[in-house]
Structure formats: structure tokens, C-alpha cells
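Below, each value reflects all heavy atoms present in this structure, side chains not excepted, and no hydrogens, waters or symmetry copies. Counting starts at 1 for both ligands and their atoms, in listed order.
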Amino acid sequence: MSLVDPRLLIDPLAYAEHGYPWEAWATLRREAPVHKLSLEGWPDYWALTKHDEIVEVSKQPDIFLNAPGMVMVEDRDDEFRQQNPIRTIINMDPPDHKKYRKIASPYFTPRAVGNLQGLIDKTARDLVDGMGEEGEMDFITEIASIHPLKIIARILGVPEEDEPFILRLTNELFGSADPELQRSPDRIEAMTSLFGEFWEYFGKVMADRRANPQDDFASVIANAKIDGEPMGELETMGYCLITFTAGHETTRGSIGGGLAALMEHPGQMAKWAADPELTPTAIDEIVRYVTPVNHMVRTAAKDYELGGQQIREGDKLVLFYASANRDEDIFDDPNSLILDRNPNRHLGFGIGEHFCAGANLARATSGALFRELVAALDEVELTGTPERTASTLVPGLKHMPIRYRMRRRARAA
Ligand code: HEM
């Protein structure tokens with residue numbers, strides 16, 4: 001008899017049905033922080049649920065590898081993964097990883113993100129202004145999803161008219177197990193045609209930026225060099241894929257889940273509205289509380305003893321960031337949203353070698369949106385039950401119907 005129901009932790013449909021398995025994780029943190037689980041149709045894996053062990057693993061990238069796969073997939077999908085060797089930095093290990101990551105780093109420093117601040121603020125303001133004085137809407141599809149989409153689209157050279165197309169591809173990719181979002185129930189067929197479309201679209205963008213370089217990230221990756229040679233096609237496409245997918249779905253999760261959390265903590269929302277200076281700590285607290293990226297996988301390159309358990313070479317370890325972010329030994333009152341929490345050693349952006357390359361951009365994007373939103377909202381309530389995407393990786397909200405009324409605000413021209 002297993003300590004917890006393994007399905008709750010790993011099956012995408014369980015996330016759609018029950019949400020994040022907070023109780024199961026609390027049991028594991030208390031009784032077995034490094035615990036081997038088996039579920040038919042999935043590879044066996046070690047569930048890591050406490051902060052300490054996740055940090056220990058993340059800081060040893062030579063022993064705990066991101067290749068061959070850094071997310072859990074069912075046995076039946078593993079073959080597709082092996083046949084599609086698109087290389088993203090999140091799938092690379094030392095020594096390659098650092099070389100490739102260096103290409104993106106200059107574009108995502110706080111200073112470089114500062115250059116995008118005008119665009120980010122205007123997009124946020126237009127969206128919140130567009131909500132009018134009062135109304136009802138699906139906050140996820142109309143706001144949470146649109147703001148990061150527009151920012152990522154601009155930096156990746158996607159014109160406004162193609163945003164719906166790109167949004168659909170991202171939804172189909174992350175929602176591949178979700179009956180509403182998936183392209184087809186035949187996952188192999190769905191993924192093959194999806195990658196084909198993605199490749200065709202960004203292949204053209206890359207060719208254009210090689211011929212006509214501009215001041216955007218698309219031009220940086222299109223013209224990148226590794227060891228003095230142009231970056232390979234698999235890696236160039238990998239960069240487009242990771243930037244779009246890692247940049248969009250995650251920030252959407254943070255904005256959508258963030259508003260849901262604020263509705264559960266109205267006192268915190270009022271505090272933020274009264275004090276916009278709270279934004280930097282508030283944004284990180286939302287990432288901790290929501291943890292849009294639920295897990296990542298590492299594969300052991302050699303035998304290793306972890307938390308009193310013997311890990312064998314080739315074993316898979318699932319780092320449940322969401323569980324670590326509620327670790328009672330690290331956070332006071334971990335199940336409450338405390339916007340001025342400081343320090344906040346959350347793992348919502350990962351830690352170590354693969355720490356989120358877009359964290360500054362994510363903070364700027366969600367910060368701008370929430371600054372506008374909390375200042376404007378007078379009242380907000382749910383008008384239906386929020387629905388979650390069936391995913392183990394980014395099980396964010398896909399629908400959240402709300403009714404709202406705005407304060408009257410003087411707007412500078
Ligand atoms: C709230 C929003 C976001 C969250 C919660 C988030 C979370 C994460 C996490 C947990 C990782 C670590 C993966 C690992 O442990 O292997 C990661 C990596 C990464 N993220 Fe983010 N992310 C967010 C936004 C963004 C944005 C906006 C971008 C870029 C436009 C981005 C680009 C990346 C990239 C490129 C990596 C791979 C880094 C590497 O392997 O060295 N992310 N992200």
C-alpha cells in the first residue's frame with residue numbers, strides 16, 4: 001500500500017480534477033521526502049518534496065542531468081521524445097548548457113528588460129483599461145493569457161495578427177493531455193503536426209532576421225554563434241520553442257493563479273492596492289504560492305545517496321517545486337499568501353544551473369499587470385468554478401469567470 005496515491009502527483013488529468021496535491025505532498029514531506037513511486041504506464045521515479053533535497057540535486061548538474069528529458073512523460077510518449085531531438089537549453093547539461101545559455105543571458109538582464117518596460121507597461125495599461133468600468137469575463141483567456149503573449153510575441157518577432165495562431169500552438173503543446181485544448185487525442189500525431197507547424201513558422205522568422213537583423217531577441221538567436229560557428233538549426237528552433245513556451249504559459253499561470261490567490265486573501269489585495277511599493281515582494285510571493293511550473297525531472301548520472309535513500313544511476317527524480325514552496329521548515333505559515341514575505345527562498349523559478357532565464361522578464365510582465373489591476377479593481381468575485389489545464393508540468397488555470405467593478409481613476413494623458 002503506497003503512502004500516497006501516485007496518480008495524484010503525476011497524472012495530468014488528476015491535476016485538472018483535483019488541483020495540486022497539497023495533502024499528498026504534505027504527507028511525503030513529513031514521512032518520506034525522497035520516496036519512490038510507481039504508476040502503471042509511467043516510468044518509476046523518486047518524488048522529491050522538500051526544499052533541501054531539491055536544492056541539493058539542482059546544484060549538482062553534473063550528477064543530476066536534464067537530458068534526456070526534464071519533464072515526466074508517459075511510457076507511450078517517450079518514443080516520440082527520442083525521435084524528436086530538438087535541443088533546448090533546458091534539456092542540455094554541462095558543458096554545453098552554459099555555452100548556449102550565454103546567448104540569451106544579455107537579453108534578459110534587469111537592464112535589458114528595463115528597455116522593454118515601456119512596452120510592458122503600455123500592454124498592461126491597455127488591457128486593464130479595456131476592462132471598462134464593470135463587467136464579466138474569463139480572466140484567463142481575456143487577460144492572463146494575452147499580456148505575456150503580446151510581450152513574448154514582440155521579442156520573438158511575431159506580428160500582432162499571428163498572436164492567435166501562436167497562442168493556439170502553445171495551448172496545444174502544454175494542453176496535449178487536456179481534452180479541451182489538445183490538437184488530437186492521438187498524441188503522437190498531434191505532436192508531429194504541431195512541431196511541423198512551429199518549425200515552419202519560426203524557420204521563416206529566423207530566415208527573415210538573418211537577412212534583416214532587428215533590435216529583438218529573434219535576431220539574437222537567428223544570428224547566434226557557438227564556438228565561432230552559426231548555432232545549429234535544432235538549437236535555434238529549440239531557443240524559439242523554449243522562449244515562447246516557457247515565457248508564455250508560465251507567466252499566464254502566475255497572473256491567473258495570482259488573481260485567484262488574491263481573491264482568497266482580500267486583505268492582501270487591499271494592502272497591495274494601498275501600497276504599490278509592495279510589487280517586488282508580492283510578485284515573488286505569488287510565484288511561490290502558485291508555483292506555475294510544478295515539477296522538473298533529473299536523471300542520475302551515477303549512484304548517489306540522497307536523504308537517506310540510495311539513488312541508482314539512471315533513476316529519475318521528480319523535483320516538485322510546488323511542494324518545496326510549501327515546506328514548513330523553510331516558510332512560516334506556508335499556506336498563506338503574504339505579499340511582503342521577505343526573505344522568500346522559493347523555488348518557483350528553479351535554482352542553480354537551470355534557474356529561469358526569463359525571471360526578470362516574468363517579474364516585470366506580471367508586476368506591470370498587477371500594479372494596474374489592483375489599483376483599478378474595486379470589487380471582484382468568481383462567477384463560476386475555475387478550471388485547470390490537465391498538465392503535470394504547468395497545471396495553471398485555463399478558465400476563471402469573474403465579475404468586477406473598477407474604481408474611478410484619474411489617468412494621466
Ligand atoms: C512566472 C513565470 C515563470 C516561471 C514560474 C518560470 C519557471 C521556470 C523554472 C522552474 C525553470 C527551471 C527549469 C529547471 O529546473 O530545469 C525555468 C527555466 C527557464 N525559463 Fe522560466 N519561468 C517563467 C517565465 C519565463 C519567461 C518569461 C521566460 C523567457 C521569455 C522563461 C524562460 C526560461 C528558460 C529559457 C529556462 C531554461 C533555463 C536553463 O535551462 O538554463 N521563463 N523557468
Side-chain angles (χ1 to χ4, degrees), residues 48 54-55 57-61 64-67 69-72 87-94 96-105 107-109 112-113 116 120 144-145 147-156 158 170 174 216-218 220-221 235 238-258 261 282-299 317-325 346-370 393-396:
L48 272 52
I54 293 184
V55 172
V57 164
S58 302
K59 291 202 165 166
Q60 301 185 77
F64 297 105
L65 308 179
N66 274 34
M70 61 346 132
V71 298
M72 277 300 265
R87 287 188 85 209
T88 70
I89 56 168
I90 208 166
N91 263 318
M92 293 180 193
D93 295 303
D96 273 6
H97 173 257
K98 271 205 174 63
K99 271 192 217 170
Y100 283 85
R101 182 168 161 128
K102 258 196 201 141
I103 291 168
S105 311
Y107 197 83
F108 293 110
T109 59
V113 170
L116 297 169
I120 294 171
S145 174
H147 183 48
L149 172 70
K150 286 186 173 294
I151 309 302
I152 300 287
R154 286 308 80 74
I155 69 177
L156 262 190
V158 172
T170 319
F174 281 102
D216 59 13
F217 187 58
V220 174
I221 41 183
E235 290 82 2
Y239 245 122
C240 295
L241 184 73
I242 186 81
T243 313
F244 221 103
T245 51
H248 174 254
E249 191 75 9
T250 50
T251 313
R252 153 174 57 190
S254 184
I255 295 173
I283 288 305
D284 270 85
E285 174 64 351
I286 283 177
V287 173
R288 180 194 74 85
Y289 188 84
V290 175
T291 314
V293 177
N294 177 40
H295 85 277
M296 283 284 154
V297 174
R298 302 291 187 258
T299 304
L317 299 93
V318 179
L319 283 48
F320 284 109
Y321 292 133
S323 173
N325 281 345
H346 73 80
L347 301 182
F349 289 122
I351 191 164
E353 182 90 2
H354 290 277
F355 179 79
C356 176
N360 293 318
L361 181 64
R363 289 182 176 119
T365 305
S366 46
L369 201 270
F370 276 115
L393 177 62
V394 274

Asker: I need the full list of side-chain hydrogen bond (donor to acceptor under 3.5 Å, both in side chains) pairs touching residues 347-361, with sequence neighbours left out, sorted by first then second residue.
Answerer: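 Sorted result for residues 347-361: N66-H354, H97-E353, H97-H354, K98-E353.
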Asker: Please confirm whether the backbone N or O of N325 pairs with a side-chain atom of R288, one donor and one acceptor, at under 3.5 Å?
Answerer: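 Judged by distance alone, yes, a pair lies under 3.5 Å.
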Asker: Has the side chain of H346 got a donor or acceptor atom that lies under 3.5 Å from a matching backbone atom of V287?
Answerer: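 Between the backbone of V287 and the side chain of H346 there is no qualifying donor-acceptor contact (under 3.5 Å).
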Asker: One line per pair, note the atom names and distance for all nitrogen or oxygen contacts under 3.5 Å between ligand 1 and the protein.
Answerer:
{"residue": "ligand 1", "atom": "15 (O)", "partner": "R298", "partner atom": "NH2", "Å": "2.9"}
{"residue": "ligand 1", "atom": "15 (O)", "partner": "Y321", "partner atom": "OH", "Å": "2.5"}
{"residue": "ligand 1", "atom": "16 (O)", "partner": "N66", "partner atom": "ND2", "Å": "3.2"}
{"residue": "ligand 1", "atom": "16 (O)", "partner": "R298", "partner atom": "NH1", "Å": "3.2"}
{"residue": "ligand 1", "atom": "16 (O)", "partner": "R298", "partner atom": "NH2", "Å": "3.2"}
{"residue": "ligand 1", "atom": "40 (O)", "partner": "H97", "partner atom": "NE2", "Å": "3.4"}
{"residue": "ligand 1", "atom": "40 (O)", "partner": "H354", "partner atom": "ND1", "Å": "2.6"}
{"residue": "ligand 1", "atom": "41 (O)", "partner": "H97", "partner atom": "NE2", "Å": "2.6"}
{"residue": "ligand 1", "atom": "41 (O)", "partner": "R101", "partner atom": "NH1", "Å": "2.7"}
{"residue": "ligand 1", "atom": "42 (N)", "partner": "A246", "partner atom": "O", "Å": "3.4"}

Asker: Applying ring pair (Phe, Tyr, Trp, His ring centres under 6.0 Å), can you list everything that pairs with Y289, at least two apart in sequence or on another chain?
Answerer: H265
Asker: Determine whether the aromatic ring centres of residues F108 and F217 are separated by less than 6.0 angstrom.
Answerer: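 Ring centres of F108 and F217 closer than 6.0 Å.
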Asker: Under the rule for salt bridge (Lys or Arg N to Asp or Glu O under 4.0 Å), what residues qualify as partners of D216, not counting sequence neighbours?
Answerer: R209
